[in-house]
K.L.:
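Handing you a structure now.
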Amino acid sequence: MTMDTTADIRQPSESPSPATAEPGPVDFFAAGNLDLVLAVLVALGLPLAAAWLLDVTGGAAAGLALYYGVCCVAIVRWRRGTLGYHRVVRWPWLLFAASLITPALIATLNWQFLPRVDAPWLGVLLTLLIWAPLNAAMEQLAWFYVLDAWRFRWSTGELRWVGLAVGIVLLLALVALIHIFFWSRFLPTSIESAPGWSVMAQQFLYYPLVASYWLLYNRSRSMWPTFVIHLLVDAQLVIIARYSLLPFL
């Protein structure tokens, strides 16, 4: 469906509520005070809640349901009116090619320092074909909502820059905390004998990786290019470690 994008460049006070607005360009939505609260709860509360569910249930399934079902789909679809998987009119090929560098560097480090789990092939294939694309499609929906809830709350004045700064901090906090408190509990990580520089390098690489996700999303006005890069990151983890998520559900 072709849409008039000029209709969406409005002050938040002039826009319909996020729950009722017709889905528009993914780089704007009429954020309100409720979105500020939800963004903080997702960024700071989700990692702790997912970790608690992991402890209580003894598996990752409940935490994944909270993460994907509630925070990535339900909240984002309710507040933004769209998940952002629109057809890409013009694929940002140069930016996309540059974005491949970071996954390649991460895979290179993983090939040297990631332990081989050597799980049964059925579990590996199911993890590769189901979890990897599901995670690649879901995670950044919550990440970008946390950023944009604050980025778009105010459109003028100093509060606009304050909102942008808070949104960036919350985005980075969510990415870091969900990996520290949740993913690191059951996904393969670098072996203990790996040199310190490799561990630091891999942690550092996730910041330009998230930045490339966001740039692809905004340049293409669609989640699809981001999904492809994220899928490559998840797939190399599964393939190199020969990892299966099934025992941890």
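Sequence positions, counted from 1, serve as the residue numbers for this chain. Not measured: the values here are computed from a predicted model. Atoms considered below: every heavy atom in the structure, side chains included; atoms not considered: hydrogens, waters and symmetry mates.
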K.L.:
Between OG1 of Thr102 and CG of Leu232, what distance do you get to the nearest 0.5 Å?
P.N.:
12.0 Å
K.L.:
Which heavy atom of Tyr213 sits nearest to which heavy atom of Thr226, and what is that distance?
P.N.:
O-OG1, 2.8 Å
K.L.:
Mark yes or no: Arg242 above the aromatic ring of Trp121, with NZ or CZ under 6.0 Å from the six-membered ring centre and no more than 45 degrees from the axis.
P.N.:
yes
K.L.:
Do Leu249 and Phe186 belong together in a cluster built from hydrophobic side chains that touch within less than 4.5 Å?
P.N.:
yes
K.L.:
Can you tell me how far apart CG (Leu246) and OG1 (Thr127) are? Round to the nearest 0.5 Å.
P.N.:
5.0 Å
K.L.:
Let me confirm one number: the CZ-CZ distance from Arg90 to Arg219, rounded to the nearest 0.5 Å.
P.N.:
10.5 Å
K.L.:
Less than 4.5 Å apart, side chain to side chain, heavy atoms only: is that true for Phe144 and Val76?
P.N.:
no
K.L.:
Restricting to non-hydrogen atoms, name the atom on Pro47 and the atom on Val42 that form the minimum distance, rounded to 0.1 Å.
P.N.:
CD-O, 3.6 Å
K.L.:
Would Leu66 and Val37 show up in the same hydrophobic cluster when neighbours are defined by side-chain heavy atoms closer than 4.5 Å?
P.N.:
no
K.L.:
So, for Ile229 and Pro103, which heavy atoms are closest and what is the spacing to 0.1 Å?
P.N.:
CG2-CG, 3.8 Å
K.L.:
First locate atom CG of Asp35, then atom OH of Tyr145, and finally report the distance between them rounded to the nearest 0.5 Å.
P.N.:
3.5 Å
K.L.:
With side-chain contact (heavy atoms from CB on, under 4.5 Å) as the test, would you mind laying out the steps for Leu46 and Phe182 before giving the verdict?
P.N.:
CA-CA 10 Å; Leu46 167 63; Phe182 186 61; over 6 Å; no
K.L.:
Side-chain contact, heavy-atom cut-off 4.5 Å: Leu109 with Leu205?
P.N.:
yes
K.L.:
Mind checking the CG-OG spacing from Asp118 to Ser244? Nearest 0.5 Å is all I need.
P.N.:
12.0 Å
K.L.:
Could you please spell out the steps behind the side-chain contact (heavy atoms from CB on, under 4.5 Å) verdict for Leu216 and Met223?
P.N.:
CA-CA 8 Å; Leu216 285 168; Met223 296 299 299; over 6 Å; no
K.L.:
Is there a path of hydrophobic side-chain contacts, each under 4.5 Å between heavy atoms of I, L, V, M, F, W or Y residues, that connects Trp150 with Leu41?
P.N.:
no
K.L.:
Can we say Asp148 and Arg79 salt-bridge, meaning some charged N sits less than 4.0 Å from an Asp/Glu carboxylate O?
P.N.:
no
K.L.:
Does any part of the side chain of Trp111, heavy atoms only, come nearer than 4.5 Å to the side chain of Gln236, both counted from C-beta?
P.N.:
no
K.L.:
Go through the structure and list residues passing ring pair (Phe, Tyr, Trp, His ring centres under 6.0 Å) with Trp143, not counting sequence neighbours.
P.N.:
His230
K.L.:
If you look at every heavy atom in Ser220 and Val88, which pair is closest and at what distance?
P.N.:
CB-CG1, 4.1 Å
K.L.:
Do Val169 and Tyr207 belong together in a cluster built from hydrophobic side chains that touch within less than 4.5 Å?
P.N.:
no
K.L.:
Are Ile130 and Ile239 joined in one hydrophobic group, where the rule is that I, L, V, M, F, W and Y side chains link up if heavy atoms are under 4.5 Å apart?
P.N.:
yes
K.L.:
Less than 4.5 Å apart, side chain to side chain, heavy atoms only: is that true for Asn33 and Arg153?
P.N.:
yes
K.L.:
Would you mind reporting whether Arg185 and Asp55 have side-chain heavy atoms less than 4.5 Å apart?
P.N.:
yes
K.L.:
Are Asn135 and Leu237 side-chain neighbours, meaning at least one heavy-atom pair lies under 4.5 Å?
P.N.:
no
K.L.:
Looking at every non-hydrogen atom in both residues, tell me the closest pair between Leu83 and Val73 and how far apart they are.
P.N.:
CD2-O, 4.0 Å
K.L.:
Around atom CH2 of Trp52, are there more than 12 heavy atoms from other residues, nucleotides or ligands closer than 6.0 Å?
P.N.:
no
K.L.:
Do Leu164 and Ile168 have side chains that approach each other closer than 4.5 Å (heavy atoms only, starting at C-beta)?
P.N.:
yes
K.L.:
Run the side-chain contact (heavy atoms from CB on, under 4.5 Å) check on Phe227 and Leu231 step by step: do they pass?
P.N.:
CA-CA 6 Å; Phe227 164 77; Leu231 178 60; 4.1 Å; yes
K.L.:
Return the orientation label for the Trp224 and Tyr85 ring planes: parallel under 30°, perpendicular over 60°, tilted otherwise.
P.N.:
perpendicular
K.L.:
Step by step, would you call Leu147 with Leu170 a side-chain contact (heavy atoms from CB on, under 4.5 Å)?
P.N.:
CA-CA 7 Å; Leu147 169 62; Leu170 289 176; over 6 Å; no
K.L.:
How long is the straight-line distance from CD1 of Ile106 back to CD1 of Ile101, given to the nearest 0.5 Å?
P.N.:
12.0 Å
K.L.:
What's the shortest heavy-atom distance between Pro115 and Ala241, and which atoms?
P.N.:
O-CB, 3.5 Å
K.L.:
Check whether any side-chain heavy atom of Leu53 lies under 4.5 Å from a side-chain heavy atom of Tyr67, and answer yes or no.
P.N.:
no
K.L.:
What pairs with Arg160 under side-chain hydrogen bond (donor to acceptor under 3.5 Å, both in side chains), at least two apart in sequence or on another chain?
P.N.:
none
K.L.:
List for me each residue that meets side-chain hydrogen bond (donor to acceptor under 3.5 Å, both in side chains) alongside Trp131, sequence neighbours excluded, and say none if there are none.
P.N.:
Tyr68
